[in-house]
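Worksheet: one structure, shown below.
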Amino acid sequence: MSASPIVLTHPLVRHKLTRLRDKTTSTAGFRRLTRELSLLLAYEATRDLALVPRDICAPSGPMVGEELDGKKLCFVSILRAGNGLLDGMLDLVPSARVGHIGLKRDHDTLEVSEYYFNMPGDVPGRTCIVLDPMLATGHSAAAAITRVKEAGARDIVFACLLAAPEGVAHMQEKHPDVRIVTCSLDKKLDENGYIVPGLGDAGDRLFGTRDR
Ligand SMILES: O=P(O)(O)OC[C@H]1O[C@H](OP(=O)(O)OP(=O)(O)O)[C@H](O)[C@@H]1O
Ligand SMILES: O=c1cc[nH]c(=O)[nH]1
Ligand SMILES: [Mg+2]
């Protein structure tokens with residue numbers, strides 16, 4: 001059974017997301033807002049990490065604190081727009097490993113092709129948080145997660161800024177075990193496979209390009 005996506009409803013998220021969607025927001029502003037939202041996404045995406053007790057000496061005396069258990073985290077960025085979320089996540093968890101998967105969506109068929117794959121060796125045992133701002137048809141996210149599973153990952157979260165119902169349904173069919181954390185569940189896809197209301201092309205807005 002697949003879980004429903006976790007949608008962040010915090011006022012800060014809603015405020016920043018509105019600025020992000022606004023087509024008059026500059027490239028620099030878009031990049032900064034994406035980074036800020038990634039910190040808030042990371043907070044929710046890491047909610048279930050296991051803790052173990054740790055003895056420390058506080059200024060007032062000994063106490064039992066807590067620290068993260070085991071081998072911790074691996075972030076996986078789906079190139080290229082996933083990199084917009086990566087730096088903020090690494091600010092929060094600087095020791096995380098990082099994998100990269102290069103995927104390009106064909107504008108006509110909406111199918112994806114892989115052009116790059118590089119994962120750390122010690123992925124089994126780590127929680128993998130796969131990053132991409134957009135879950136549209138879900139083809140990119142599902143293909144990336146198939147590859148992450150082939151690398152040995154078992155505990156996987158997919159974190160995005162916007163999700164379309166079509167993408168959520170595709171992920172629930174292909175990877176029902178993967179939790180989806182998003183800042184918004186939008187209305188639908190348009191006839192070109194773009195999210196409505198959406199924010200346009202995330203990669204282009206992050207990097208100041210125009211790829212269609
Ligand atoms: O859910 P889907 O229908 O697969 O669409 C979502 C994908 O499309 C965009 O990437 P794109 O292929 O445009 O590459 P880019 O990040 O290099 O711009 C986006 O960053 C996702 O990876
Ligand atoms: O709306 C969309 C859909 C896919 N990719 C994007 O960047 N935006
Ligand atoms: Mg793009």
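Order of appearance sets the numbers: ligands from 1, and atoms from 1 within every ligand.
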What atoms in ligand 2 come closer than 4.0 Å to a heavy atom of [X]?
X: Gly193; result: 3 (C)
X: Ala202; result: 6 (C), 7 (O)
X: Met134; result: 1 (O), 2 (C), 6 (C), 7 (O), 8 (N)
X: Gly200; result: 1 (O), 2 (C), 6 (C), 7 (O), 8 (N)
X: Ile195; result: 1 (O), 2 (C)

Query raised in the report: Does Asp186 reach the main-chain N or O of Gly198 with its side chain, forming a donor-acceptor pair under 3.5 Å?
Result: yes
Requested in this report: State if Arg105 counts as touching ligand 2 under the rule of any non-hydrogen atom under 4.0 Å.
Outcome: yes
State whether the shortest distance between N or O atoms of [X] and N or O atoms of ligand 1 falls below 3.5 angstrom.
X: Asp132; value: yes
X: Gly138; value: yes
X: Ala136; value: yes
X: Tyr115; value: no

Query raised in the report: Quick one: does ligand 1 sit under 4.0 Å from the side chain of Ala202, the backbone, both or neither, non-hydrogen atoms only?
Result: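 No part of Ala202 comes within reach of ligand 1.
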Report summary line: The answer for which part of Ala136 has a heavy atom under 4.0 Å from ligand 2 is side chain
Query raised in the report: Under 4.0 Å from any heavy atom of Arg105, which atoms of ligand 1 are there?
Result: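 Those of ligand 1 that fall under 4.0 Å from Arg105 are 2 (P), 3 (O), 4 (O), 5 (O), 8 (O), 12 (O).
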Report task. Go through ligand 1 atom by atom and flag the ones less than 4.0 Å from a non-hydrogen atom of Ala81. Result ->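 It comes down to these atoms of ligand 1: 16 (O), 20 (O).
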Query raised in the report: Do Arg147's NZ or CZ and the ring of Tyr116 fall within the cation-pi criteria of under 6.0 Å and 45°?
Result: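 Negative - Arg147 is either too far from the ring of Tyr116 or too far off its axis.
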Query raised in the report: Which of the listed options, Glu111, Arg205, Glu166, Arg80, holds the heavy atom that is closest to atom 15 (P) of ligand 1?
Result: Arg80
